[in-house]
Amino acid sequence: MGFKDLFSKQEAPDKEPVLRDASTILAYLEELNRLRTCVQVWISKDDLMPATARVELVSDDAETFTLSLQRSLPGDVDSRLPFEMDFPLDGMRFRCAIRFRERGGYMKAVFKVPDCVYHAERRSKVRTRFGQRENASATILESLFQGHGASGKLLNLSLEGFCMRIEKAMSIQDNKRLPLSSSLFQARQELMVVRILNLPHAPLIECSGMVMHVEDSSEGVTLGVHLDPIGTLESQILWQVMSRRVPTLAKGFPQKVRRSELEMAAQARGQADEAIENEDEESSDETIAEESASPRATIEEDVSVETSAQGDRLLRMKKRARRIMVIQLDDLDRAILAGTLLADGFTHVFEARNFPEAFHHLKTNPMDLIMLEQNIGSVPAQQFLTQLRKLGHCEDVPVVLITDQTDVKTTIMAKAMQIAYIQQRPINYDGEMKAVTYGLLKLS
């Protein structure tokens, strides 16, 4: 689309993204030179094939760069007409208009640094839809302790948000199912937990977000969610999913810094570090003098506070070292319990909703505690746990059984299966379950 636009004085009419930052454009050229990347140059509109070239030299003073070409330029080069140059960078393709300045030696030519850079293909913000046979789903929670939660099928997805069909809703505080309705959530309502599950060839994505719209449609109660700014890893996962399904999706312009700016920044950091070291030496001398003059009572108070702080740090370290697996079929129930454990400081919380997922986690990560629902689909907990123990890896791991109702049959089964504790719904984690979890993990 872009070759004839480059020879006109106006920009493309569709307002396509454009990069005009001179420093970034120079950094692109330096990167092409450093990587010895081949670029393509269209010398005239009549060319059927571009000329292949490499960036050899970038001049700051003259605002020019030199290309070494695989074929020589014609003798009647018109410097008034721009050439088109296409180049790859960070997995994307870009184009720009360059103007001929002079010949720079054998098979070399000097060009003016381009004023702007465009994407080489037409790109825009798009959404990818998921079919009826795909299992992509989403779970949203207002908070971990109160409000509403919902889960359901993912209808479409973009880099900024998604639309889902609500298939299950519940009151988090009461642990009760709610009838499906468009009044469950309000527009601009903040969501503490947003989970995107079962994306093709991608792990679970968890972040926060905001409800943008809720409506009754032909597909049921649909809800649109805007994702809050997410981390680099989550962005890369979403991009990979989108790029596999929508190859022309835009990725924007890569951020590049010139080598001269990096050298100046490194020099400035060195000077700042030297100044900080000098300040630290002076402050340490003052601190030693103050401590030598402090009374004994103050020292005893500091020792007491430090001992308490050390105990808290030790508890946090133990929590980070423990591995807990939550086995529940329902995405919403599993998200609430796993999120509560993460909020309490446990960083290694593994989730499974069927036997293959549970066995995979146990095979790769020895667990310290298993929280198992009474029925995983049609499979009772007794059969599920028997199979796991038969395959090894969890014979001595304590198990908490999560059940809707505690009766004599459940108690006898739990005793026969050597289940450490029976937790009845609704789960009050800050009450009894927290103390039980700490005791089974030997954190007290």
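This one's a predicted model, so the numbers in the text were calculated from it and none came from an experiment.
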Can you tell me which residue among Asp344, Thr340, Thr437 is in a side chain to side chain donor-acceptor pair (under 3.5 Å) with Tyr429?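 Going through Asp344, Thr340, Thr437 one by one, the side chain to side chain donor-acceptor pair (under 3.5 Å) with Tyr429 is satisfied by Asp344 alone.
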How close do [X] and [Y] get, counting heavy atoms only, and between which atoms?
| X | Y | answer |
| --- | --- | --- |
| Ser182 | Val214 | O-CG1, 3.4 Å |
| Ala97 | Pro114 | O-CB, 3.5 Å |
| Asp228 | Gly209 | OD2-N, 3.7 Å |

Does any N or O in the side chain of [X] come within less than 3.5 Å of the main-chain N or O of [Y], such that one atom is a donor and the other an acceptor?
| X | Y | result |
| --- | --- | --- |
| Gln236 | Leu233 | no |
| Arg195 | Thr139 | no |
| Arg320 | Gly345 | no |
| Ser181 | Leu184 | no |

With a 4.5 Å cut-off on side-chain heavy atoms, are [Y] and [X] touching?
| X | Y | answer |
| --- | --- | --- |
| Val194 | Glu206 | no |
| Met164 | Leu155 | no |
| Leu191 | Ser208 | no |
| Phe87 | Val41 | no |
| Leu223 | Arg165 | no |

Can Glu167 and Lys153 be said to form a salt bridge (charged side-chain N to carboxylate O under 4.0 Å, His left out), step by step? CA-CA 7 Å; Glu167 298 175 343; Lys153 180 177 176 55; over 6 Å; no
Let me know which of Leu73, Leu81, Val77, Leu69 forms a side-chain contact (heavy atoms from CB on, under 4.5 Å) with Ile43.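 Of the listed options, the one satisfying the test is Leu73.
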Establish, yes or no, whether a centroid distance under 6.0 Å links the rings of Phe384 and Phe355.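 Ring centroids of Phe384 and Phe355 are less than 6.0 Å from each other.
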Taking the six-membered ring for Trp, are Phe100 and Phe111 parallel (under 30°), tilted (30 to 60°) or perpendicular (over 60°)?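 The arrangement is perpendicular - the two ring planes meet at more than 60°.
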